[in-house]
Amino acid sequence: MGRGRLRVYLGAAPGVGKTYAMLCEGRRRLERGTDVVVGYVETHGRPRTAALLDGLEIVPRRTLTHRGAGFTELDAQAVIDRAPAVALIDELAHTNVPGSRDAKRWQDVERILDAGIDVITTVNIQHLESVNDVVEEITGVAQRETLPDEVVRRADQVELVDMAPEALRRRMAHGNVYAPEKVDAALSNYFRVGNLTALRELALLWLADKVDDQLDRYRADHGIARTWEARERVVVALTGGPEGDTLIRRAARIADRTKGTDLLAVHVTRGDGLAGAGPALLARQRDLVEGLGGTYHQVVGDDVPRALLEFASAVNATQLVMGVSRRSRLSRALLPGVGVTTTALSGPIDVHMVTHEQAHRSLRRPKDGGPNLPLRRRLAGYALAVLGLPLLTFALTELRGSFSLPSQIMFFLAAVVAVALAGGLWPALLAAVAGSLLLNFYFTPPLHTLTIAQHENLIALAVFLLVAAAVSGVVDTAARRSRDAARFGADAEVLSTLAGNVLRGEHELDVLLGRLRETFGLDSVTLLERTGDPPRWQVAATAGGRPCTAPEEGDTEIPVGDDLALALRGRPLPAGDRRVLEAFAAQAAAALRRRRLEAEAGRARPLEAVDRMRTALLSAVSHDLRTPLSSAKAAVESLRNTEIDWTGEERAELADTAGESLDRLDRLVANLLDMSRLQAGVLGMAARPLALDEVVPRALDEIGAAAEHVRVAIPGDLPEAEADPALLERVLVNLISNALRYHPPGPPVLITAGSLRDRVELRIADRGPGIPAADRDRVFQPFQRLDDRDNHAGVGLGLALARGLTEAMGGELIPEDTPGGGLTMIVVLPVREKGTP
């Protein structure tokens, strides 16, 4: 039996209709005779969704007990044992109750698929791991239930269930998504139009990438190499020259003509590593591409046209933008060049040849100006040519009868090779010309003249001269290559060190400039920035001795864009080191930008926190103020209604309702005022010796009738704590109210106390669901609750205020697990030392 097929209904937000679409598909298949069962469906109380379950077989769920509470989960084994053709399973990203065989529902689904059963399921975009942080950034709500993207990417079918934000908000306002009491808070928080629009775009983009993957796999499986113009993609080829900015902007304009067109920039690096573009220019052009919404890529290839076209075909590009050749007309006449070759081989890809200011200007590699061999070796070569050739001539003249002319030519050729090895090209050429003249004068008949009688001797001398010149050129080229390889090897070592420093996190600008100064043995390295009106140079960062105040003050100047320059003082550096210097300069510019962005982020963080708190306050208080006000207003208006003859009991009940609502409103306003005082640092406090058995009863009295479910066990010999009575009472009211809210019916909330050395501990233990260790810090943040969807539970100030007031009194508030399940809040207060006034 093969593996089952997975179909996923993907939505941008809750309420768009994923479960409804899944059930409709299940009913369609059932009507066609397919064996369909419901493994798990959550209707959320929506009647139209629940109505679709009629007539569908439902596999019973498993019941699990966790911390004294019962939960139902998908019974994957029961579905496998039932062996239907199709199983409908809702909420793929759901986290199973502890004690289940698998931690996540998608793992249950994998087991069902392995059993050969097709599965139809649902998931929201915010539950995908790759976009989880983006969703939190947009909505301000962290999604704890996530699943790997690969689970959905492997699905045989992914269908988007889409709905316009306005339509979804209308559904919510009509009560088709959440219960009426939750609608106002949802619409003003998670379900704002901006949030829904951003989530919808995320879902569409993710699904578009999934479709691209499917298309790539289809083309690869069917051996389709030609471009399919399903989506416009513009590739711009960069050489690393100054014309790159022009090409990028031109390619961006081409991409902008069609909505949704991708822009990609590619640079081909030759495989020998001995030639390449300036890192500073490429870094700047990369920033430009990314700033225009494109992506930057780098590939390796000795055949540039083929490397470009292979990359373009791999990304299914439709257009390729290249610059007009910088080569001269003569060079282009002799060799076609990259542009012409690429155009000839491009096939269905349109190639745009863009003219620019650098056209027909060769971008030459920087040279250090010196010859390939040091002076000492060149002098040795000239000396060997001047002294060695006459000595060789004298020796061969003495042995004239022992060697023929070909042998004498070979001796002279060996001498030329020796001169080439010793001194390089020019001494070897001198030796070759001098050797040919000496051979002609002393050894070619007629002797002692420059006349050659036989044609064979003329050919022999000509071949000797050509071979000698060729050998000299080969030796000189080998010396140049050896020197280039050594220089580029040193450059690679320096760049590798730089890259290693970046990977190790050494992004500081001062550290980077210091390493540059140490590497090249300079007196000072200064990064200059041109700012102001009129523009003038200012020192952005420096390392070493006296900094340069302008680029021209340095012995070496490396420009980085239009407004940055690196000035090096100490000694002039050869042009061969320029590529490494440009890499350092590009990294220095990036470090400067990073430093400023971090500074801006640091300045924005407090404002962001204030804005986030203000938003949370307004959204939460808009509901929590309205509820008690509405209840009190309704009760008072009922009492004022003279048309109804209320009984005494009914009037008392209405008065109690109004009183309770106003008390709740009073506590909410008091909490808000205390939190604002805490954050402003103006909370008044009068600490004194205090017995806990005096404060706890007052807190229970304030809680009211609910305090009947609290049991207090405080020892009578407990030492007095150092605390403010009013503030401690507020702390206890908030903590006990929170415990009662989550405590299950049955055993009471337990309050105990004890002392340890110089502190008193008051423990408030409940048997509720508890708080995971990872979330214990978050519940103490203002306007945060773990059950963010439950907006009837208050604005989330209780625990935050309790911790703030406790710490203001010099104490601590520590959450712990209650043995056997639940949460224990420990209020730790200092003990008043004996004799202290």
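Sequence positions, counted from 1, serve as the residue numbers for this chain.
- For Asp162, the salt bridge (Lys or Arg N to Asp or Glu O under 4.0 Å) criterion is met by Arg200, not counting sequence neighbours.
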Which side-chain N or O atoms in residues 554-561 pair as donor and acceptor under 3.5 Å with protein atoms at least two apart or in another chain?
{"residue": "Asp555", "atom": "OD2", "partner": "Gly570", "partner atom": "N", "Å": "2.7"}
{"residue": "Asp555", "atom": "OD2", "partner": "Arg571", "partner atom": "N", "Å": "3.4"}
{"residue": "Thr556", "atom": "OG1", "partner": "Leu573", "partner atom": "N", "Å": "3.2"}

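- Using a 4.5 Å cut-off on side-chain heavy atoms (C-beta onward), Val151 and Pro148 make contact.
- The side chain to side chain donor-acceptor pair (under 3.5 Å) search around Thr343 returns none, not counting sequence neighbours.
- Partners of Phe311 by ring pair (Phe, Tyr, Trp, His ring centres under 6.0 Å), not counting sequence neighbours, listed by chain and number: His297.
- Listed by chain and number, the residues in a side-chain contact (heavy atoms from CB on, under 4.5 Å) with Glu159 are Arg7, Tyr9 (sequence neighbours excluded).
- With contacts defined as side-chain heavy-atom distances shorter than 4.5 Å, the pair Leu309/Thr342 qualifies.
- Residues that satisfy the side chain to side chain donor-acceptor pair (under 3.5 Å) test with Glu136, not counting sequence neighbours, are absent from this structure.
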Does the pair Ile349 and Ser313 meet the rule for a side-chain contact (heavy atoms from CB on, under 4.5 Å), with working shown?
-> CA-CA 8 Å; Ile349 300 175; Ser313 298; 4.2 Å; yes
Where do Leu196 and Arg192 land on the side-chain contact (heavy atoms from CB on, under 4.5 Å) test, with the steps shown first?
-> CA-CA 6 Å; Leu196 295 176; Arg192 295 195 298 268; over 6 Å; no
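- For Thr146 (side chain) and Glu129 (main-chain N/O), no donor-acceptor pair under 3.5 Å exists by modelled atom type.
- Considering only heavy atoms from C-beta on, Leu128 comes within 4.5 Å of Val152 through its side chain.
- Contact check for Leu202 versus Val134: side-chain heavy atoms found under the 4.5 Å cut-off.
- Judged purely by atom type and a 3.5 angstrom limit, Asp149 uses its side chain to pair as donor or acceptor with the backbone of Ser130.
- The shortest side-chain heavy-atom distance between Leu147 and Val123 falls under the 4.5 Å cut-off.
- Asp156 CG to Arg5 CZ: the interatomic distance, rounded to the nearest 0.5 Å, is 4.0 Å.
- In the model, Thr197 has no side-chain atom that pairs as donor or acceptor with a side-chain atom of Glu201 under 3.5 Å.
- The line from CG of Leu238 to CG of Leu247 is 7.0 Å long, rounded to the nearest 0.5 Å.
- At least one side-chain heavy atom of Val266 sits less than 4.5 Å from a side-chain heavy atom of Leu308.
- We find the CZ-CG distance between Arg253 and Leu292 to be 10.5 Å, quoted to the nearest 0.5 Å.
- Atoms CG and CH2, from Leu528 and Trp537 in turn, are 6.5 Å apart once rounded to the nearest 0.5 Å.
- For the residue pair Ala251 and Val321, the shortest heavy atom distance occurs at CB-CG2, 3.9 Å.
- Applying the ring pair (Phe, Tyr, Trp, His ring centres under 6.0 Å) definition to pairs two or more places apart or across chains, none involves residues 549-571.
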How far apart are the C-alpha atoms of Arg171 and Val16, what are their side-chain angles, what is the distance that settles it, and do they pass the side-chain contact (heavy atoms from CB on, under 4.5 Å) test?
-> CA-CA 9 Å; Arg171 287 198 66 202; Val16 296; 5.9 Å; no
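- When all heavy atoms of Ala13 and Phe191 are compared, the pair lying nearest together is CB-CE2, 4.3 Å.
- Salt bridge absent: Arg569 and Glu552 never bring a charged side-chain N and a carboxylate O closer than 4.0 Å.
- Under the salt bridge (Lys or Arg N to Asp or Glu O under 4.0 Å) criterion, Arg536 pairs with no residue, sequence neighbours left out.
- Pairing each heavy atom of Ala589 with each of Leu564, the nearest pair is CB-CD1, 3.8 Å.
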Evaluate the side-chain contact (heavy atoms from CB on, under 4.5 Å) criterion for residues Leu527 and Thr542: first the C-alpha distance (whole Å), next the side-chain angles of each, then the deciding distance (0.1 Å), finally the verdict.
-> CA-CA 6 Å; Leu527 182 64; Thr542 185; over 6 Å; no
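- Note: Ile120 CD1 to Leu6 CG = 9.5 Å, rounded to the nearest 0.5 Å.
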Please assess Asn195 against Thr139 for the test side chain to side chain donor-acceptor pair (under 3.5 Å), listing each intermediate value before the final yes or no.
-> CA-CA 6 Å; Asn195 289 359; Thr139 64; 5.7 Å; no
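- Proximity of Arg286 to His267: side-chain heavy atoms (C-beta onward) are nowhere separated by under 4.5 Å.
- In this structure, the separation between CG on Leu522 and CG on Leu513 is 11.0 Å, given to the nearest 0.5 Å.
- Closest approach of Leu263 and Val236 over heavy atoms only: CD1-CG1, 4.4 Å.
- Not counting sequence neighbours, Arg170 has no partner by the salt bridge (Lys or Arg N to Asp or Glu O under 4.0 Å) test.
- Residues Pro14 and Asn124 come closest through the heavy atom pair N-ND2, 3.6 Å.
- Using modelled atom types, one side-chain atom of Thr526 and one backbone atom of Cys548 make a donor-acceptor pair closer than 3.5 Å.
- At least one side-chain heavy atom of Arg169 sits less than 4.5 Å from a side-chain heavy atom of Val193.
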Stepwise salt bridge (charged side-chain N to carboxylate O under 4.0 Å, His left out) check, Lys18 with Glu25 = CA-CA 11 Å; Lys18 303 179 301 301; Glu25 177 64 20; over 6 Å; no
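- Heavy-atom neighbours of Arg306 CZ from other residues, nucleotides or ligands within 6.0 Å: at or below the threshold of 12.
- For Arg250, the salt bridge (Lys or Arg N to Asp or Glu O under 4.0 Å) criterion is met by no residue, not counting sequence neighbours.
- Nearest approach of Glu91 to Thr122, heavy atoms of both residues: N-OG1, 3.1 Å.
- For Val289, the side-chain contact (heavy atoms from CB on, under 4.5 Å) partners at least two apart in sequence or on another chain are Ile248, Ala265.
- Remark: Gln319 pairs with Glu232, His352 by the side chain to side chain donor-acceptor pair (under 3.5 Å) rule, at least two apart or across chains.
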